[in-house]
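Whatever order the structure lists them in is the order used to number ligands and atoms, beginning at 1.
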Amino acid sequence: FENELTLLTHQQNGNEDEFHEAYEAAVESVKADLGAYHGLRIDGSHVDAADRFEVTSPGDFDLEIGEFAAGGESEVDAAVSAASAAFPEWEHRDIEARTEVFRTAADRMRDRKFELAATLSLENGKNRTEAMADVDEAIDFLRFYSRELERSDGYRFDTGQPTPHQHTTNLLRPYGVFAVVAPFNFPLAILAGMTTGAMVTGNTVVAKPASATPLIAHKFADVLADAGLPDGVFNLVTGGGRELGQPLTEHEDVAGVAFTGSREVGLGIERTFREQGKRGPVIAELGGKNPVIVSDEADLDDAVNGVAMGAFSFSGQKCSATSRVYVYEDVFDEFTERLVEATEQLGIGRGEHLDTVVNPVIDDGALDRYRRITERARTDGTVRTGGSVVDDDLPEGRYVEPTVVTDIPHEHDLAREEHFLPFVTVHPVSGLQEGIAKSNDSEYGLCAGIFSEDDEEVERWFDGVESGMCYANRTQSATTGALVQAQPFGGWKFSGTTGKFAGGYWYLQQFMREQSRTRVE
Ligand code: NAD
């Protein structure tokens with residue numbers, strides 16, 4: 001399986017300039033098309049709703065992304081009913097007929113990848129590298145899940161003859177209608193991954209993107225329709241979490257939920273689903289509070305760069321972002337000083353600008369959260385760099401400084417809760433044992449990192465750390481950046497509900513239930 005890796009491919013072929021030219025041209029052409037109204041997508045038609053909401057770019061409030069229908073209960077009813085009606089035919093399609101649609105959709109996305117990446121930069125603020133990685137990952141999900149379904153022959157096999165004259169086929173079958181609820185931070189890859197997982201296995205879908213990122217979801221809907229997906233298999237509803245997400249996930253005809261987002265919302269959905277007496281799956285990928293250990297055996301150049309990129313790329317708005325760092329006492333001062341220097345070099349600005357690492361944060365809620373936590377960091381600890389909202393020399397948008405904090409006790413909320421912002425706390429530890437104990441002292445268990453040139457120390461860390469994703473000496477980023485198939489992605493503890501990983505071999509089975517069919521011959 002070959003991952004897309006667009007920027008890397010351009011770099012390796014010595015034509016990185018072409019990458020930048022194509023991206024910049026795409027930004028201009030996407031901008032020219034912004035501002036339109038988009039209805040809901042139900043049963044292949046564009047459908048209006050009583051209310052509308054506007055989305056503006058987080059990096060430039062003068063840039064209107066568009067106006068979108070704000071759905072509610074009645075729109076959920078219509079969408080779930082379209083998905084229910086489409087299910088029987090879709091379930092019984094040959095697997096090749098189903099995978100053909102997603103393979104074609106992946107090709108269409110590949111053709112449109114610069115446009116899709118530019119859309120992401122403008123709609124959610126991602127810089128060009130991160131935006132293209134989001135698109136590449138989405139393409140990878142479509143291809144990988146198609147390949148997995150084919151490779152497993154649709155999860156169907158003969159068990160042989162359990163008793164004389166009887167023949168049994170064992171297979172996995174879809175559940176029916178899945179509600180798919182996606183976050184703002186990987187609004188294409190995660191939406192595409194979850195919905196493709198559900199649909200390629202024969203379920204039908206009603207999908208709700210985050211309210212900050214509906215445009216990219218519409219572009220994904222266009223791609224699926226162009227690829228020949230039958231009407232009603234994928235329905236797209238846009239609107240608020242409570243007003244729309246809640247009635248959707250609680251709808252009586254929804255058989256399963258695939259959710260990626262915060263722990264609070266995901267666990268709430270799971271609780272209600274069970275209280276309704278439903279037995280289907282709630283596949284929820286939740287938050288993280290990702291620790292990194294820096295040993296005195298570390299290459300400090302690697303560690304500084306890995307932590308800075310892990311904590312601050314995409315402004316820390318990743319479930320996998322590095323958020324607490326445990327540094328051996330004898331290198332604590334040197335590491336922290338160098339991290340501060342590196343942090344101060346990072347470009348803050350609009351996603352589409354070439355040198356941006358720290359892009360705008362997504363909404364006013366994030367900005368308020370940033371003000372609150374940096375205020376607390378000033379009173380309860382030491383802000384070593386950052387801590388302020390940026391309002392100079394930038395177009396009106398939500399820009400904040402990447403922030404490094406020390407002198408915060410490990411038990412403090414700032415070092416325990418997920419903030420989803422460019423904010424990292426750095427703590428001294430006596431050695432590996434304390435580093436692992438503190439890393440594990442968390443309700444989350446998504447990503448973790450270590451920097452150490454001592455292989456035996458790294459091995460002990462792998463064995464001891466409670467985390468789904470574990471990265472040693474990852475200088476590009478200490479904790480972020482998993483590749484489909486190569487690094488299946490998911491979390492332990494409250495970072496996920498099923499323990500099965502996206503982009504991995506056990507992902508698709510979650511969307512299906514087992515049946516044994518025995519015939520007397
Ligand atoms: P969020 O929980 O606020 O929202 C996620 C989605 O849920 C949105 O579409 C939102 O509109 C919807 N929603 C909100 N309230 C709802 C309700 N009551 N019922 C149904 N739906 C509701 O999360 P976010 O801010 O969009 O994304 C950030 C969170 O996502 C972070 O916690 C991050 O760690 C997590 N995340 C996890 C992964 C992973 O793979 N584990 C990946 C990306 C993001």
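When each atom of ligand 1 is checked for a heavy atom of Ile269 under 4.0 Å away, the hits are 20 (C). Counting the atoms of ligand 1 from 1 in the order shown, those under 4.0 Å from a heavy atom of Ser262 are 1 (P), 2 (O), 23 (O), 29 (C), 30 (O), 32 (O). Taking every heavy atom of Val265 and a limit of under 4.0 angstrom, the matching atoms of ligand 1 come to 2 (O), 13 (N), 14 (C), 15 (N), 16 (C), 17 (C), 22 (C). Every atom of ligand 1 with a heavy atom of Thr260 under 4.0 Å away is listed here by number and element: 5 (C), 36 (N), 37 (C), 38 (C), 39 (C), 40 (O), 42 (C), 43 (C), 44 (C).
Here Asp363 does not pair with Arg398 in a salt bridge; the nearest charged N to carboxylate O distance is not below 4.0 Å. A salt bridge links Glu443 to Arg263: one of the charged nitrogens lies within less than 4.0 Å of a carboxylate oxygen. Taking a cutoff of 4.0 Å between a charged side-chain nitrogen and a carboxylate oxygen, Arg41 and Asp222 qualify as a salt bridge. Using a cut-off of 4.0 Å between Lys/Arg side-chain N and Asp/Glu carboxylate O, Glu417 and Lys289 are scored as not salt-bridged. Between Glu115 and Arg112, at least one side-chain nitrogen of the basic residue sits less than 4.0 Å from a carboxylate oxygen of the acidic one, meeting the salt-bridge criterion.
In this structure, Arg110 and Arg143 have side chains that are in contact, with non-hydrogen atoms separated by less than 4.5 Å.
A cation-pi contact, defined as under 6.0 Å to the ring centre and within 45° of the axis, is absent between Lys318 and Phe420.
If you look at Leu248 next to ligand 1, there are no close heavy atoms at all, none under 4.0 Å. Contacts of Glu418 with ligand 1, taken as heavy-atom pairs under 4.0 Å, involve the side chain alone. If you look at Leu244 next to ligand 1, there are no close heavy atoms at all, none under 4.0 Å. Only backbone heavy atoms of Ala182 (N, CA, C or O) come within less than 4.0 Å of ligand 1; its side chain stays farther off. When heavy-atom distances to ligand 1 are checked against a 4.0 Å cut-off, Ile362 has no atom that comes that close, whether in backbone or side chain.
Of all protein heavy atoms, the one closest to atom 13 (N) of ligand 1 is Gly241 CA, 3.5 Å.
Crowding of Arg271 atom CZ: a count of heavy atoms from other residues, nucleotides or ligands under 6.0 Å not exceeding 12.
The shortest separation from a heavy atom of Phe186 to ligand 1 is not under 4.0 Å, leaving the residue out of contact. Residue-ligand proximity: Pro209 is placed with a non-hydrogen atom under 4.0 Å from ligand 1.
Distances from atom 18 (N) of ligand 1 to the heavy atoms of Gln246, His419, Glu264, Met194 show the closest one on Gln246. For atom 20 (C) of ligand 1, the candidate residues are Gly268, Gly245, Pro187; the nearest heavy-atom contact is made by Gly245. Here the shortest heavy-atom distance to atom 36 (N) of ligand 1, taken over Ala321, Cys319, Ser320, Ala502, belongs to Cys319.
By the definition of a contact as any protein heavy atom under 4.0 Å away, atom 4 (O) of ligand 1 is not in contact.
Interatomic distance, Cys319 SG to Met469 CE, rounded to the nearest 0.5 Å: 9.5 Å. Considering CD of Gln485 and CZ of Arg147, their distance stands at 4.5 Å, rounded to 0.5 Å.
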